[in-house]
Every structure is written in C-alpha cells, then in structure tokens.
Engineer: 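I am attaching a structure below and will ask some questions about it afterwards.
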Amino acid sequence: MPLTLDSPLNTVPDLPTRMVKALEKEGVTTVKDVLLWMPFRHEDRARTDPSGFQASEIPVCHQVIVTKAGTKYFGKRRGAGTFEAQVEPAGDSLMGGQLMTLRWWNMPFMSRVIAEGQRLIIYGKIKDWKGRLSIDHPEYEVIEDEEGSTIHSGRITPVYRLKAGVAQKTLRTATWYVVQALGDDFIQDLLPRPSEKGEFAGWSRARSLKVVHFAETMEDLEKARRYLALEEFYSYQLRVVRRRRAVMESGGHAHVAGPLVQDFEKALPFEMTGAQKRSLLEIQRDMASNAPMNRLLHGDVGSGKTVVAFASMLGAVESGRQAALMAPTQILAEQHFQTARKWLEPLGLNVALRTGTRAEEGGVELFTKKMSDKNQIVIGTHALLHDEDLVKNLGLVVIDEQHKFGVAQRAKLIQKGNTPDVLVMTATPIPRTLTLTIYGDLDVSTLDERPKERGKIITKVRPTSKQADAAKFLREQLEEGRQGYIVYPLIEESEKLDVTAAKKGYEEWSKLLPHFTVGLLHGKLSAEEKDLVMRDFRAAKIDVLVSTTVIEVGVDVPNSTVMFINHAERYGLAQLHQLRGRIGRGEHTSYCVLFVADKDDEAKSRLAILEETTDGFRISEEDLKRRGPGDVMGKAQSGAAPLKFAELLADTRLVRLARQLAEKSLDADPLLRSPRFAEIRPFVFQDDTSQAMMQ
Ligand code: ADP
Ligand code: MG
C-alpha cells in the first residue's frame, strides 16, 4: 500500500523503530506531521572542501573524527571553562594529519555530548590563528553510523526549528525516509496547474513538499519554496478576492458629487495638490457607481488626507445621506471636528461630534455633543459604530488611520449599514510591493505629493549627553515664537511607566525653561483633560508639550517646529517617521532630534536614514530591507496574514501571479471555498491573529 499523508510513522520503510518511538512521544505520529514541519533553513553541506580544513569567511561543512576532548579552565573560577574537541578529517587519509580545534565556551555539558573516537559533522567558519585552526561553537551532529552520514552530510541539508524532545537528526532522518517513500501524487495540487511553460512548469505541490526538505540543488530548493509561497499567497488572495467580490455584489448606492464640492474647494485657503485632486476623482468615480466603494487613501503624514476625506464626504451629503469620519482617538476626532466646522459649516452643513467609551463588555456609554437627526456630517471614534440610526443612513464612512481598526470592525460596519461606501485612510507608508497583500481587497489611491509651502524638517541623531545643547536650541526657537514637542518613550509596552517617564521629563523641562509654559500629555489623562491640553497647545498657550506617544497620529499644530524624541532606539523607523510628522506642517523649518544612548552605534546607523530623508516610502522600503516584510506587515496591520514565506512577499511578481490565479479560479467557480484549505491551514497559517483574515 502506498504511503499517504495519514500513514503512521511505523509504516514508513527503513525508518528505525527507536526514532518512530521518540517522535511519537512528542506527538509526531504521521507522515503529515513530519512532512509539513518546514525546515527553517538549509546548510549546504555538499560543499565540503576536499583540500581539508581551511580558514574561510563562509561556513563550511566537514565530517571529522574526534581525537581528543576535554574542558579547559582559566583562572580560579571553576565551572566557567571551555570545552575543546580536537578533530581530524574523517574518511580518506589524503589529508591525514590535519588537526583543528572546536571550542564551546561556558557549556560544560558538552563533555557529556562529545567524546574521543566519535564521528561528527560540523558546520561553521574556520578561523586561523597563527596556523592553528579552530571553530567556535560550530553546528555539530554526532554520526552513529555510515548510513546516517549520507542523510546528514554531503548534501544540502535541512535544519529544523525544534520543539522540546525532538532531536534534529531524528526529525531529519524521519523526513528523509518519508520523502523517499512518498510517490508523486500523494497530495493534490491546490493551485490550478501553472502553465506548462512559465516559472513553475513541471512543479507540483507533491514535488515542492519533498524538495523543500531535500533538494539536489539550491535552485530547486528556491523553486520549491517559491511554489509553496505561491500556494500560500494564492489561498490568501482567494479569500481577499472572494471578500472583495462579496462586497461589490452586496448592493450599494450611487453618490454623485455636485456643486458643494466645488464651493468647498474654492473656499479652501490653499490649492489642492495634483495627487489630492487625482485621488478625489478616483474616490468620486467609485462613489458614483452603484457598487459600494472599498478604497484605501494611502499617504504619508502631512500629505493632506483630511481635505480629500471631507471633499469625498460632500458627495454622500449631496445625495441625501449622512457621511461619517471615524478616528482612532478622541483627540483626533475632536481635531477633525474642529476642522470640519471650520471648513464645512460655512457651506451650510450640519456637523456633529460623537465620541464615547465602551464602559464594559455589553454596555455602551455614549456622550454626545451637539447631536441632531439632521447631522449631515458626523465625526467620532468607534462609538459611531453603535449608533444604529446613523449607521443605517450612512452613505460614506471614512476610517482614519485604519490599522487601529480591525478588519472585523470594518466588516461589521458594512454588515450593519446599508452597505455604505468605505474610504480607509492610512499614513503607514507601506512599500508598494506589499499593498496588494495587505490591502488586497481595497482599491488604492496614493497621495505621493506633499503640499507645497511646507517647511522642511531637519533631523539629527544625537547622544543623550547632548541634551543640554538641545535645550539651548529649543529655547531659541521658542523665543522666536515657535512651539515644540518632547516625546518620552515607550517603556516595554507599559503605559504606566511611560507616564512616569513623561511626568519626570515634564518637571525637568519646566525647570529648564522657566520663562515658558510647559504642558504634559499622556494616556492616563481623562478625555477632557487631554482635550484641554491639546486645545491650549493649539492656541499656543502652551509652548512646549511633554508627551508620551499619544500624539503619534494625526495631530496638526503647524506652529510646532521642534521635536525631541528620547530613547529613539526603542522605536521602529516607521513609528519615528510618524511621530516626526507632527512637525514640519507649517511654513517654518522644523527640527527633529532623535536622542539615543551614548554608545549605541547600532541605533545610530539604523536611524541614519531618518537624517537623510523625510520620504515615508523610502523609509518603509529601508525598514523592509532591514526587518523583512513579516515585521513590516505586523506593524502595519495586526491581523494581517502571518505568512510562512513572508520574506517572499516583497516579490511582487509572485504576489501578482497569486492574485491572477485567484481571480481566475473564482471566475470559474465563484463559490470556491475548497475543503482543501482546511488541510493546508495548520501548516500555512499558524497564528491566531490570522483568524480575523480567514472569514
Ligand atoms: P495627513 O495626511 O497627515 O492627515 P492633514 O490632512 O492633517 O495630513 O494635512 C496636514 C496639513 O496640511 C493640514 O494643516 C492641512 O490643512 C494642510 N494641507 C492639506 N492639503 C494642503 C495643500 N494642498 N496645500 C497646503 N496645505 C495643505
Ligand atoms: Mg491625518
């Protein structure tokens, strides 16, 4: 009987019984359990240097015999010794006589693992110190028999991230025999067969799953990984496209913009940028159609998303429906409210603010300022979602800083309402390569042009010890009538400690700047207190605002030209860029100083890009390079797909191919929700956070 995914391990030919037992003890009992345990990297152990041990910058693999082993102690403190094993090349005597030392520092238990006479496979960088060759902390495996040596060396070897109790070699041996025994069609393809030509000609799911463990060449390995990544992206895109089509078909309303929008534009104190006009047109086109809009307005901090949002809202109002703008925080909702009143009330529109807090599970408290049935424009926080009447009559909802809202909330809104048009705004400058994945179910408009008449921002990374100079500089700016922010950091996610640091900072700066008014803003203040502080700051009654990161999003005080960020090393580039976006919003040149610990050269070099550019897209590309797409995505939108092959996400070609295949599959079968997904789920999406995306 041929081996299947569900075959128990004791039916795998040649797999030693003791290994089956060892794996069973850890709950690894079937072929599937082994096969779907992906290696997290491979070592090219095919590259054994035949000329023997040689110093090299790249790690190499050798099979060796241990000729001597023991622990050396230095100084008086016993226990903190170095375990050393002297080895010579195993096998042919061609290079006999060559010796090398393997060293493990502070790992006394090594004396119980490695002993004279053993055969080892080692992997690491060989150092040459005055002719003496050594490797510190090599990867190693003890080889018990000749056969084992062909599985674990002389080839491209998979390395697995292990759970307790499973040994590397045991798992690899099991995978080896499983892969040998499985036929060519033990598993169905998920993907519609990619074309007979193309990159994946000749590849199948079965082949990829085998090759991703044991590959003959690095090229094959890469192809197998890409194939599996394509599968993964495909199943993700299937959900995205299905969801997108469902929204499109759920019936919306046509909202046609009329003269109000022109009046609005004329009354603005500035001319909209080309990008703003283009985005507005794209939005209006969507809104005018009967299908519901589902669009992302994507623009760097300060690119002027708010104006576009308000102009869009007028389209709904002119069609006799209400429009809502939902902000992630109270402060922002209030700021938008003030802007709306300034710009929209003169047009004769009725603007309301609605914020509130969820008192506890089940109970919703709303406090409402100035509310009536005929509010055409409603601004608020997520409390808006609980107003059934409003939600029913919504023509358009704009969601600001959408990463603070979950996909689920968005879905809820669409369900409850009469399928309003949805415009999502984000200032997280996601690299273009990732938008298709992160926002695959949205159409995207990008504000890639900054409003002119904008002062520039000069950014410097400085050691904390230079704060005294900085204080002097700040004083000069304040004397010229400018304002500033001093940001106290994130302390390990603890809001309480943040507040303490900010309070202390507030006291220090109050002393340093005796002739100026220093304000304090943090998350522990009540909504009213925060509002008061922000209002005073905006009215320039406060000169310097000491704050935690609560000012992160959207706050707009153009007269603020200085920002000091303490412990800048604790932030990601994107977050610093967002914070910095609070300055440089007026006509004056602005200054951002990022303070890092005095000797932190790593932080200095990481943050250097912020000195070079204020282009959020460039910064996010840099972030992407440094941290990989998985992390960038994680920050951009928690709940986005945690992908096993995330590093390939930057590969636009692959993501696009996945998208095309998904569109094609759904064209052929609009209800495609194959049970086959259940099968790949545990292997592809392992994270709970993915559940939100699975619906
Ligand atoms: P963000 O995209 O970060 O939300 P805002 O919408 O808050 O940016 O706009 C930032 C500032 O720029 C606001 O003060 C806004 O009035 C101003 N602004 C927006 N568009 C323009 C423009 N085309 N020309 C000049 N100033 C603009
Ligand atoms: Mg904004």
Side-chain angles (χ1 to χ4, degrees), residues 255 261 264 272-273 275-287 292-316 323-340 343-344 377-382 384-385 394-407 409-411 413-414 420-432 434-435 438-451 552-556 574-575 577-578 581-582 585 616-617 620 635-640:
H255 298 115
V261 182
F264 171 73
M272 289 217 271
T273 63
Q276 282 171 320
K277 287 182 189 161
R278 174 172 38 77
S279 298
L280 181 57
L281 270 178
E282 287 164 358
I283 291 164
Q284 286 171 338
R285 205 179 306 136
D286 281 6
M287 288 181 66
M293 172 169 77
N294 215 4
R295 186 170 279 277
L296 174 76
L297 179 60
H298 180 203
D300 207 348
V301 278
S303 59
K305 293 183 289 295
T306 318
V307 187
V308 179
F310 286 153
S312 312
M313 290 165 90
L314 297 178
L325 192 160
M326 192 153 77
T329 64
Q330 188 126 345
I331 290 182
L332 278 174
E334 289 168 14
Q335 179 182 293
H336 283 319
F337 177 59
Q338 282 168 19
T339 315
W343 286 346
L344 302 181
I377 303 275
V378 183
I379 316 254
T381 58
H382 64 277
L384 285 176
L385 288 177
L394 267 185
L396 167 70
V397 57
V398 182
I399 305 176
D400 194 9
E401 306 297 347
Q402 88 115 164
H403 55 287
K404 302 271 155 72
F405 287 97
V407 172
Q409 266 165 314
R410 187 147 53 97
L413 189 83
I414 293 167
D421 285 328
V422 176
L423 179 66
V424 165
M425 305 199 290
T426 181
T428 310
I430 292 133
R432 279 164 239 271
L434 293 186
T435 46
I438 299 178
Y439 297 114
D441 56 343
L442 304 177
D443 296 301
V444 180
S445 293
T446 306
L447 292 180
D448 49 9
E449 187 182 341
R450 308 189 128 251
E552 185 182 347
V553 279
V555 172
D556 188 31
Q575 203 182 6
H577 175 67
Q578 294 258 321
R582 304 302 120 234
R585 296 169 88 81
F617 285 100
S620 72
K635 284 274 148 44
Q637 189 188 28
S638 63

Engineer: Any idea which heavy atoms bring His336 and Phe310 closest together, and the distance?
Structural biologist: O-CZ, 3.6 Å
Engineer: Hey, what do you get for CD (Glu282) to CG (Asp443), rounding to the nearest 0.5 Å?
Structural biologist: 9.0 Å
Engineer: Calculate, to the nearest 0.5 Å, the distance between atoms CE and OG belonging to Met272 and Ser279 respectively.
Structural biologist: 9.5 Å
Engineer: Got a second to check how far Met326's CE is from Leu384's CG, nearest 0.5 Å?
Structural biologist: 6.5 Å
Engineer: Going through the checks in order, is the side chain to side chain contact (heavy atoms under 4.5 Å, CB included) test met by Leu325 and Ile377?
Structural biologist: CA-CA 8 Å; Leu325 192 160; Ile377 303 275; over 6 Å; no
Engineer: Of all heavy-atom pairs between Ala309 and Leu423, which one has the smallest distance, and what is that distance?
Structural biologist: CA-CD2, 4.5 Å
Engineer: To the nearest 0.5 Å, what is the distance between NZ (Lys305) and CG (Asp400)?
Structural biologist: 7.0 Å
Engineer: Grab the two heavy atoms, one from Pro292 and one from Pro420, that are nearest each other, plus how far apart they are.
Structural biologist: CB-O, 4.1 Å
Engineer: Give, for atom CZ of Arg295 and atom CG of Leu396, the distance between the pair rounded to the nearest 0.5 Å.
Structural biologist: 12.5 Å
Engineer: Minimum heavy-atom separation for Val378 to Met313, with atom names?
Structural biologist: O-CE, 4.4 Å
Engineer: Which distance, rounded to the nearest 0.5 Å, do you find between the CE of Met287 and the CG of Leu280?
Structural biologist: 9.5 Å
Engineer: For the backbone of Val307 and the side chain of Gln276, can you confirm whether one donor and one acceptor N or O come within less than 3.5 Å of each other?
Structural biologist: no
Engineer: For residues Ser303 and Gly299, report the shortest heavy-atom separation together with the two atoms involved.
Structural biologist: OG-C, 3.3 Å
